[in-house]
Amino acid sequence: MEHVQNCTVISSMNASTDNSTFIELAMKIARMQHLLYGVIVPMVCAFGFVGNILNVIVFTKKKSNKTLDDVEYCTTICLVALAISDMMFCLTTFPNAFLLQRHLYQKSEFMLYYRMYSITVISTFIMSSTMMTVLTAFMRYLAICHPFRSRQFITIKSTITAIVIAYLISFAFNIPYIWRYRTENYCVNIGDLVTIEDGTLFFKTKFVYVYKILWAICGNFIPLIVLLYCNIRLIKALHLSKQLRLLHSRDDTSCLSAHRRINITLITIIILFFILVAPSEITKFIFYIMKEHTTDYYTYRVVSDVTNTLQSINFSVNFILYYVIIAPFRKTLHEFVCAFKKPKRNTMTRDRSSNSGKQTVVLLSIRDPNKL
């Protein structure tokens, strides 16, 4: 969807609202947007970018672990795909902090193309992250509630195929946003510049309405229903059926513990999705449907800015979640960090040994004449 577009559009207000109130509200919203989109969101995206890189590294190392069973291995692949999608969201959203409120751009300017096409890329990764979350939740639901039949479907090949299809669908669904804006030449004294206008495709009210409805259904409501169902069934199965979990883990205590960690992690991810992502998308959908009957623009603007910020946090918080809940994740991360320190220590040890050898040679060379 149209996420984190730093804009301060001023719509019509009630006739009873005087000019001073209008200016005061506009200034408050401008300060709030500067704080959220100029400070908080860039910091969150920077942290999320680094955190998701570490997620990919740790899960890739974990994926090479031969002790993982097929189900956990496939789940790890999905978590890697989710981390990549979240990382790309953080990377593509970060430049939004530098997207000034300008109307004229040079044709070769990066911010011109970013403003025109970033909505396509950002929306693609929002949808792909949602689909990765749904795919992982559905796989865990099958593995826990239907452990025998699920082994026919949960394979490495089918998992990778599903991930690729999810990414392709996410991109294809957001292709219309490529024509969201168009450029118009604008001649001024300093040279030829261009200005950004709404694309002709998005001037068609029926098309925009149908597209928004489809995006809301496929990108929001269906995933929310699937996640809610899987989460309820997963929590119920984990609470009531210890024998099923033991049977699924083949009486292997370490495997059972690994599955429990993954299940707890996934349940937390789904809960955070409902808290951080769902409000933003639902708010946009409701406002679009009710915009003709909405007069309190500023209330929507505040709610939209806050929920957009929460949505950005969702794409950056998984690293903390994994670190707190998954003990092997912490161990692998610590080993990865310590790997950078070992070469330095070895180099210092070699230098000390070399210096010590030189000093011994010097001492021997001094003592030899005395022996003679």
Asker: Is a side-chain donor-acceptor pair under 3.5 Å present for D86 with S129?
Answerer: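 Present: a donor and an acceptor within the cut-off.
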Asker: For a side-chain hydrogen bond (donor to acceptor under 3.5 Å, both in side chains) with S128, tell me which candidate from S170, S123, S85 qualifies.
Answerer: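 Testing S128 for a side-chain hydrogen bond (donor to acceptor under 3.5 Å, both in side chains) against S170, S123, S85 leaves exactly one candidate, S85.
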Asker: Step by step, work out the side-chain hydrogen bond (donor to acceptor under 3.5 Å, both in side chains) result for S158 and T155.
Answerer: CA-CA 5 Å; S158 63; T155 62; 2.8 Å; yes
Asker: Tell me yes or no: between the side chains of W215 and N174, is some donor less than 3.5 Å from an acceptor?
Answerer: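 Indeed, the side chains of W215 and N174 share at least one donor-acceptor pair under 3.5 Å.
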Asker: Side chains of V41 and V44: closer than 4.5 Å at any heavy-atom pair?
Answerer: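 Not touching, per the 4.5 Å side-chain cut-off.
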Asker: Considering only heavy atoms from C-beta outward, does the side chain of I126 approach that of F89 to under 4.5 Å?
Answerer: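 Answer yes - side chains close enough.
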Asker: Compare all side-chain heavy atoms of C90 with those of S316 and state whether any distance is below 4.5 angstrom.
Answerer: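 Side-chain contact under 4.5 Å: yes.
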Asker: Do the two ring centres, one from F98 and one from F94, sit under 6.0 Å apart?
Answerer: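 Yes, close enough.
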Asker: Please say whether more than 12 non-hydrogen atoms of neighbouring residues, nucleotides or ligands are located less than 6.0 Å from OH in Y114.
Answerer: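 Yes, enclosed.
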Asker: Flag the pair I84 / N52 as yes when at least one side-chain heavy-atom distance between them is below 4.5 Å, and no otherwise.
Answerer: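 They are not in side-chain contact.
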Asker: Under a 3.5 Å threshold, yes or no: a donor from one side chain and an acceptor from the other, between Y37 and N96?
Answerer: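 No - no donor-acceptor pair under 3.5 Å links their side chains.
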Asker: Please name all residues satisfying side chain to side chain donor-acceptor pair (under 3.5 Å) with T159, sequence neighbours left out, ordered by chain then number.
Answerer: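 T159 satisfies side chain to side chain donor-acceptor pair (under 3.5 Å) with no other residue.
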Asker: After noting the C-alpha distance and the side-chain angles of Y211 and Y177, does the key distance pass the ring-ring contact (aromatic ring centres under 6.0 Å, His included) rule?
Answerer: CA-CA 10 Å; Y211 183 64; Y177 277 128; 5.4 Å; yes
Asker: Could you give me the CA-CA distance, side-chain angles and deciding distance for L214 and F173, then say whether side-chain contact (heavy atoms from CB on, under 4.5 Å) is met?
Answerer: CA-CA 9 Å; L214 289 176; F173 211 92; 3.9 Å; yes
Asker: State whether the number of non-hydrogen atoms from other residues, nucleotides or ligands found under 6.0 Å of E109 atom CD is greater than 12.
Answerer: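 Yes, enclosed.
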Asker: Should the heavy atoms of other residues, nucleotides or ligands under 6.0 Å from CE of M32 be counted, would the total exceed 12?
Answerer: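 Enclosed: over 12 neighbouring heavy atoms sit under 6.0 Å from CE of M32.
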Asker: With a 6.0 Å cut-off on the ring centroids, do F59 and Y322 count as close?
Answerer: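 When the ring centroids of F59 and Y322 are compared, they turn out to be within the sub-6.0 Å range.
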Asker: Give me the atom names and distance for the closest heavy-atom approach of V194 to T183.
Answerer: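 Shortest heavy-atom separation between V194 and T183 comes out as CB-CB, 4.3 Å.
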Asker: Taking the six-membered ring of Y141 as reference, does the cationic atom of R233 (NZ for Lys, CZ for Arg) lie under 6.0 Å from its centre and within 45° of its axis?
Answerer: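 Negative - R233 is either too far from the ring of Y141 or too far off its axis.
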Asker: Quick one: are Y105 and I196 in side-chain contact, heavy atoms under 4.5 Å?
Answerer: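 They are in contact (side-chain heavy atoms under 4.5 Å apart), so the answer is yes.
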Asker: Taking the six-membered ring for Trp and the full ring for Phe, Tyr or His, determine whether the centres of F329 and H334 are under 6.0 Å apart.
Answerer: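 They do not qualify: ring centres at least 6.0 Å apart.
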